[in-house]
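These notes concern the structure reproduced below.
Predicted model only: the values in this text are computed from it and were never measured.
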Amino acid sequence: MEVDVFGSIVAIVVMLLVMAFLISIVVSLLWLYRDAERRGKTGCMWLLIAFFTWPWGVIAYYLLRDKQVTL
């Protein structure tokens with residue numbers, strides 16, 4: 001029985017990259033939701049828009065958001 005070390009390493013690297021990608025999506029969506037709520041906007045609406053248009057929705061939110069945080 002032959003062990004394919006290179007294939008195993010590639011599989012592990014691919015899994016780590018996919019996990020990092022998914023974590024970055026979740027973190028960016030959580031940041032967007034919390035930031036929108038802090039700025040007095042509807043966080044759920046922005047979250048849904050950004051979820052279905054990620055990453056363009058997150059970029060659009062960042063460019064269109066209010067510059068001042070309302071307390």
Any residue meeting salt bridge (Lys or Arg N to Asp or Glu O under 4.0 Å) with Arg65, in chain and number order, not counting sequence neighbours: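 If we apply the salt bridge (Lys or Arg N to Asp or Glu O under 4.0 Å) test to Arg65, skipping adjacent residues, the hits are Asp35.
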Residue pair [X] / [Y]: nearest heavy atoms and the distance that separates them:
| X | Y | value |
| --- | --- | --- |
| Val58 | Ser28 | CG2-OG, 4.2 Å |
| Arg39 | Asp66 | NH1-O, 2.5 Å |
| Gly43 | Ala36 | CA-CB, 3.9 Å |

Just to verify, what does Ile49 make a side-chain contact (heavy atoms from CB on, under 4.5 Å) with, not counting sequence neighbours?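 Met45, Thr53.
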Residues in side-chain contact (heavy atoms from CB on, under 4.5 Å) with Phe52, at least two apart?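 Checked Phe52 against side-chain contact (heavy atoms from CB on, under 4.5 Å); matches are Leu48.
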Cluster question for you: counting only ILVMFWY and a side-chain heavy-atom cut-off of under 4.5 Å, with indirect links fine, are Leu29 and Leu64 together?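 Leu29 clusters together with Leu64.
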Taking the side chain as every heavy atom from C-beta outward, state whether Trp46 and Phe51 have any pair of such atoms under 4.5 Å apart.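 When only atoms from C-beta onward are counted, Phe51 and Trp46 do not touch, as no gap falls below 4.5 Å.
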Sub-4.5 Å side-chain heavy-atom contact between Val18 and Leu22: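 In short, these two side chains touch, coming nearer than 4.5 Å.
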Distance-only, no hydrogens or angles: does the Tyr61 side chain make a donor-acceptor pair with backbone N or O of Tyr33 under 3.5 Å?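 Here the side-chain-to-backbone pair does not exist.
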Report the residues that fulfil ring pair (Phe, Tyr, Trp, His ring centres under 6.0 Å) with Phe21, sequence neighbours left out, ordered by chain and then residue number.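 With neighbours one apart ignored, the set is Trp54.
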Clusters formed by hydrophobic residues whose side-chain heavy atoms approach within less than 4.5 Å: which one holds Leu16, and what are its other members?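 Members alongside Leu16: Ile12.
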Listed by chain and number, what are the side-chain hydrogen bond (donor to acceptor under 3.5 Å, both in side chains) partners of Trp56, not counting sequence neighbours?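 Here no residue qualifies.
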To the nearest 0.5 Å, what is the distance between CD (Glu37) and SG (Cys44)?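 If I round to the nearest 0.5 Å, the distance is 6.5 Å.
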For Val27, the option from Ile23, Leu30, Ile25 that meets side chain to side chain contact (heavy atoms under 4.5 Å, CB included):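 Answer after filtering Ile23, Leu30, Ile25: Ile23.
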